[in-house]
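Okay, structure first, notes after.
Below, chain A is the first sequence line, B the second, and so on; all start at residue 1.
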There are 2 protein chains.
Amino acid sequence: MSLPETKERILDSAEYLFARKGFHNTSLRAITGRAAVNLAAVNYHFGSKEALLEAVFERRLVPLNKVRRKNLEVVRETARREGRLPGVEESLRAFIEPTLAFRKSGTGAEDFITLVGRAMSDPDDTVRNVFIRHIAPLFYMLFDILREALPELSPDMLFWRLQFAIGAMGHAICMAGKSYSLPEGVTPVSDVESLTAMLLDFVVAGMERA
Amino acid sequence: MSLPETKERILDSAEYLFARKGFHNTSLRAITGRAAVNLAAVNYHFGSKEALLEAVFERRLVPLNKVRRKNLEVVRETARREGRLPGVEESLRAFIEPTLAFRKSGTGAEDFITLVGRAMSDPDDTVRNVFIRHIAPLFYMLFDILREALPELSPDMLFWRLQFAIGAMGHAICMAGKSYSLPEGVTPVSDVESLTAMLLDFVVAGMERA
DNA sequence: TTTTTTTTCAAACATATGTTTTAATTGAAC
DNA sequence: GTTCAATTAAAACATATGTTTGAAAAAAAA
């Protein structure tokens, strides 16, 4: 049929399984089985399992990064136009909000965000390198804006605080939607807006700490 | 020789490789090769690869948790004796400090801490479940103390803020000692004391946010 | 329709995996 | 020194893996 359907089906299935079982613990047979396509289709359409992983990231990360980059540019431009420094909260929000909101952006997006949350600390170089390659430019951009926002903070300190913030975000992403056993009295909200608000509160406070 | 050496060698090697390549991406042959013991030794001494993972966690986590538990009890007791509420910083410090300090506690400890940092968000159930089983009681204990320290905070809010803090810590652990490409002007300190101080600053600020 | 290209499919390939087996070796108890 | 249990060792097992092959089917081009 030559449907573009096949490639999409493989991407969806891989995204689903990579997010849940990890890259190395997911076989091509599981992926193609779930996608109801032939085993050889992966190597035919993508070349290799690793290239498939790359494609899974690329499909979502390119548009997501476009939003994040544009948001950050708006923050920078607005501040410049108004003759002031960029704010810490608006800078972090420009980066964090689209990331968490992406979860609602369509079928499979939730899987992908889980994948992203875990990719940062993935033990495997294959996964982490692919991810870092995509995320690094945005990270530097955010770092630069925060340097302007917090000029009194040393670069080292800012670097680590930003790492802490990224870590908090990644972990929040992984936890959201999961049903772990919870302490008594806790009925965790998992709607994106509340979670984003809480996370922003937390990281802004940490970032601005005197 | 019946040396207890063999089991230890296997544990060291597994710890090293699990931390660097992940559980599923590490073969028993790689482990036994590195440990210079026979392949069958793993199944003989531990029963299975999964049981080996369990043993790797257990060897380090039992003593580490003992320290963390004792620290938390001291915080709680001291506050009670002095007729005041436990402090946010001392509570978080009781948990975080031994974790990061553990890194220096001996050969292989660094590998293990890396493993821990990643276990929290490991895509694989095998790894995450083993880890959660060991960490959950401590997490609840810390949660309870922080409830006393921050009585005005809703349980939900506290739960998430603690998750953010845990995420920041886990990510910091993963990053420490790694040589990623860094923004200009950043020469990241990686000595444990500075990192602990920065992390505590960050999470205390986030936790106490009005 | 015929030809040509693209895509699908089943099968095979080569290798890697965790585990088990069986025999050799070791170390201590008698 | 002999016996016996614990440990090590080499090999085999069964299965799972990513990838490749070559023919069939489908789609597109002529």
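The aromatic rings of F131(B) and F57(B) sit tilted relative to each other, their planes meeting at an angle between 30° and 60°.
Contact between the side-chain N/O atoms of T6(A) and the OP1/OP2 oxygens of dT7(C) is not found at any separation under 4.0 Å. Remark: S48(A) is not in phosphate contact with dG18(D), judged by side-chain N or O atoms under 4.0 Å from OP1 or OP2. Side-chain N/O atoms of H24(A) include none lying less than 4.0 angstrom from OP1 or OP2 on dT17(D). S27(A) has a side-chain polar atom (N or O) that falls below the 4.0 Å cut-off from OP1 or OP2 of dT17(D).
Regarding K49(B), its NZ atom lies at a distance of 17 Å from the C1' atom of dT20(C), rounded to whole Å. One atom, CD1 of I31(A), and another, C1' of dG18(D), lie 11 Å apart when rounded to the nearest Å. Atom CZ in F23(A) sits about 10 Å away from atom C1' in dG18(D), given to the nearest Å. Summarising the geometry, the separation between CZ on F18(A) and C1' on dG18(D) is reported as 12 Å, rounded to the nearest angstrom. Per the geometry, CG belonging to L39(A) stands 8 Å off C1' belonging to dG18(D), to the nearest Å. Spacing between atom CD of E5(B) and atom C1' of dG27(C) amounts to 15 Å, rounded to whole angstrom units. For Y44(A) and dT7(C), the OH to P distance is 4 Å, given to the nearest whole Å. Rounded to an integer number of Å, the gap from F46(B) CZ to dG18(C) C1' is 15 Å.
Within the 3.5 Å criterion, the main-chain N or O of E110(B) finds no donor-acceptor partner in the side chain of R103(B). E97(A) places no side-chain N or O within donor-acceptor distance of the main-chain N or O of A94(A), the cut-off being under 3.5 Å.
In summary, K70(A) and E77(A) do not engage in a salt bridge, as defined by a charged side-chain N under 4.0 Å from a carboxylate O. Ion pair D111(B)/R60(B) not flagged as a salt bridge, since none of the NZ, NE, NH1 or NH2 atoms sits closer than 4.0 Å to an Asp/Glu carboxylate oxygen.
The residue A40(A) sits close to a base: some heavy atom pair falls under 4.0 Å. Contacts of T32(B) with the nucleic acid, taken as non-hydrogen atoms under 4.0 Å apart, are absent.
Out of dT19(D), dT20(C), dT8(C), the shortest distance to the side chain of N38(A) is found at dT8(C). With dT8(C), dT8(D), dT19(C) as the candidates, the nucleotide lying closest to the side chain of H45(B) is dT8(D).
If you take CG on N43(A) and CG on L52(A), they are separated by 9.5 Å, rounding to the nearest 0.5 Å.
Listed by residue number, there are no residues of residues 51-59 of chain A with a heavy-atom contact under 4.0 Å to DNA chain D.
Take the nearest nucleotide of DNA chain D for R29(B) and for L28(A): the residue whose nucleotide is more 5' is R29(B).
The number of heavy atoms from other shown groups lying within 6.0 Å of CD (E50(B)) does not exceed 12.
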